[in-house]
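A quick write-up on the structure given underneath.
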Amino acid sequence: MGTEDLAAVLESLRPSYGDVGLIGADPNLCAQILRVDGIAVSATTDSGLSELLWSTAGASARLEDLQFTLGQGPGIEVAASVEPVLVPDLSALPTDRWPALSPEAAALGIGAIFCFPLSLGSACLGTMTLQRGVPGPIPDATMADVSLVANALVALLLDGGAQQTSFADADDSSDFYRAAVHQASGMVSVQAGISLAQALLRLRGYAYRHGLPVVEVAEDVVARRLSFQNDENGPDTPAGEGTEGP
């Protein structure tokens, strides 16, 4: 993989006419050029939610879902600090850094994680997370390519059009994967009489205790199969027996 391959990927990042996603290109090819096993790009908002926009299948996509469900991990830290988080050896990370995420990531076969902010000044528009099964740092030469890809992604996020605006506004009618979480957080907030931030934590806690993706729990709340109206720790309401919510 050389300069021409990188140039082709950078050019193809912008989606073609008619594409519904914010990002085009082949994430597998991009990961190969950056000499990693997987890549994931997520958008972030002031509400603390994120949306997976583009990723290789498998470990990278699962890592993003785990971070979203558990509320911890490199993407969370990068969104808050707008600084890269580089973990060349996940097994050497202090156990109290990401106590719930680290063992899950290791079980996915992830040995190294590198997360970069997609930022404009002090504003973090999103994150780009690279992962590799074999521990070790990113070579300096590859780091230059990483910067080029990150800069191209920032340009795309700034020119995201209606879909980006819809997600930023937590529009329930958007096609984003995690739009249901926005809607469910509002419903849980009303049901339990708590803030939106607390409602999101309640959803995440329930998802973690039951080993479910938080998106799946949110979909159950929106479909009124699950209600947080009566139990402050989160219900165990079977599907079809939920309490009517707002």
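All residue numbers refer to positions in the sequence shown, counting from 1. Keep in mind that this is a model prediction, so the values were computed, not measured. Below, each value reflects all heavy atoms present in this structure, side chains not excepted, and no hydrogens, waters or symmetry copies.
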### Task
Evaluate the side-chain proximity of T129 to E64: yes if any heavy-atom separation is below 4.5 Å, no if none is.
yes
### Query
So how far is it from L53 CG to S55 OG, rounded to the nearest 0.5 Å?
9.5 Å
### Query
Nearest 0.5 Å, what's the OG-CD distance between S189 and Q198?
8.5 Å
### Task
Using modelled atom types only, decide if a donor and an acceptor are shared between the side chain of S60 and the backbone of I39 within a distance under 3.5 Å.
yes
#### Entry: Nearest-0.5 Å distance that lies between atom CZ in R225 and atom CD in E219
7.5 Å
### Message
For L90 versus A106, what's the shortest heavy-atom pair and its separation?
### Response
CD2-N, 3.9 Å
### Task
Could you check W98 against E77 for side-chain hydrogen bond (donor to acceptor under 3.5 Å, both in side chains), going step by step and ending with a plain yes or no?
CA-CA 10 Å; W98 306 324; E77 294 183 2; 2.7 Å; yes
### Task
State, yes or no, whether a side-chain contact exists between D65 and R62 at a heavy-atom distance under 4.5 Å.
yes
### Query
Is a side-chain N or O of Q131 found less than 3.5 angstrom from the main chain of I113, in a donor-acceptor match?
no
### Message
Going by side chain to side chain donor-acceptor pair (under 3.5 Å), name the pairs with one or both residues in residues 101-122, residues two or more places apart or in two chains.
### Response
none
### Message
Can you list everything that forms a side-chain hydrogen bond (donor to acceptor under 3.5 Å, both in side chains) with E216? Sequence neighbours excluded, please.
### Response
none
### Query
So which heavy atom on A25 is nearest to which on V9, and how close?
CB-O, 4.2 Å
### Query
Should L70 and R204 count as side-chain neighbours, where that means a heavy-atom distance under 4.5 Å?
no
### Query
Of the non-hydrogen atoms in Q67 and G75, which two are nearest, and what is the gap between them?
OE1-N, 2.6 Å
What donor-acceptor contacts under 3.5 angstrom involve side-chain atoms of residues 133-157, with partners at least two apart or in another chain?
{"residue": "S147", "atom": "OG", "partner": "M143", "partner atom": "O", "Å": "3.2"}
{"residue": "N151", "atom": "ND2", "partner": "S147", "partner atom": "O", "Å": "3.2"}

### Query
So, does E51 use its side chain to make a donor-acceptor pair with the main chain of T44 at under 3.5 Å?
no
### Query
Do V87 and F114 have side chains that get closer than 4.5 Å, going by heavy atoms?
no
### Straight-line distance of T127 OG1 to L52 CG, nearest 0.5 Å
9.0 Å
### Query
Are any side-chain N or O atoms of W54 and backbone N or O atoms of A40, one a donor and one an acceptor, separated by less than 3.5 Å?
no
### Query
Are side-chain heavy atoms of F68 and S42 found at a separation under 4.5 Å?
no
### Task
I would like to know whether V85 and R97 meet side-chain contact (heavy atoms from CB on, under 4.5 Å); could you show each step before the answer?
CA-CA 12 Å; V85 170; R97 175 94 175 255; 3.6 Å; yes
### Query
Would you find a donor on one side and an acceptor on the other, under 3.5 Å apart, between the side chain of S185 and the backbone of V181?
yes
### Query
Considering only heavy atoms from C-beta outward, does the side chain of L66 approach that of L108 to under 4.5 Å?
yes
### Task
Output, in order, the C-alpha distance, side-chain angles, deciding distance and verdict of side-chain contact (heavy atoms from CB on, under 4.5 Å) for V190 and M187.
CA-CA 5 Å; V190 172; M187 293 175 68; 6.0 Å; no
### Summary
Interatomic distance, CG@L63 vs CG@L101, rounded to 0.5 Å, equals 6.0 Å
### Query
Rounded to the nearest 0.5 Å, what separation is found between the CG atom of L93 and the CG atom of D89?
9.0 Å
### Task
Give a yes or no on whether I76 and V82 share a hydrophobic cluster (residues Ile, Leu, Val, Met, Phe, Trp, Tyr; joining criterion: side-chain heavy atoms under 4.5 Å apart).
no
### Task
Give the C-alpha distance, both sets of side-chain angles, the deciding distance and a yes or no for side-chain contact (heavy atoms from CB on, under 4.5 Å) between D220 and V217.
CA-CA 5 Å; D220 282 343; V217 175; 5.6 Å; no
### Query
Under a 4.5 Å cut-off applied to non-hydrogen side-chain atoms, are L203 and F228 in contact?
yes
### Query
Considering all heavy atoms of both residues, which atom of Q72 and which atom of P99 are nearest to each other, and what is their separation?
OE1-N, 3.1 Å
### Task
For A207 and V214, work out which heavy atoms get closest and say how close.
CB-CA, 3.8 Å
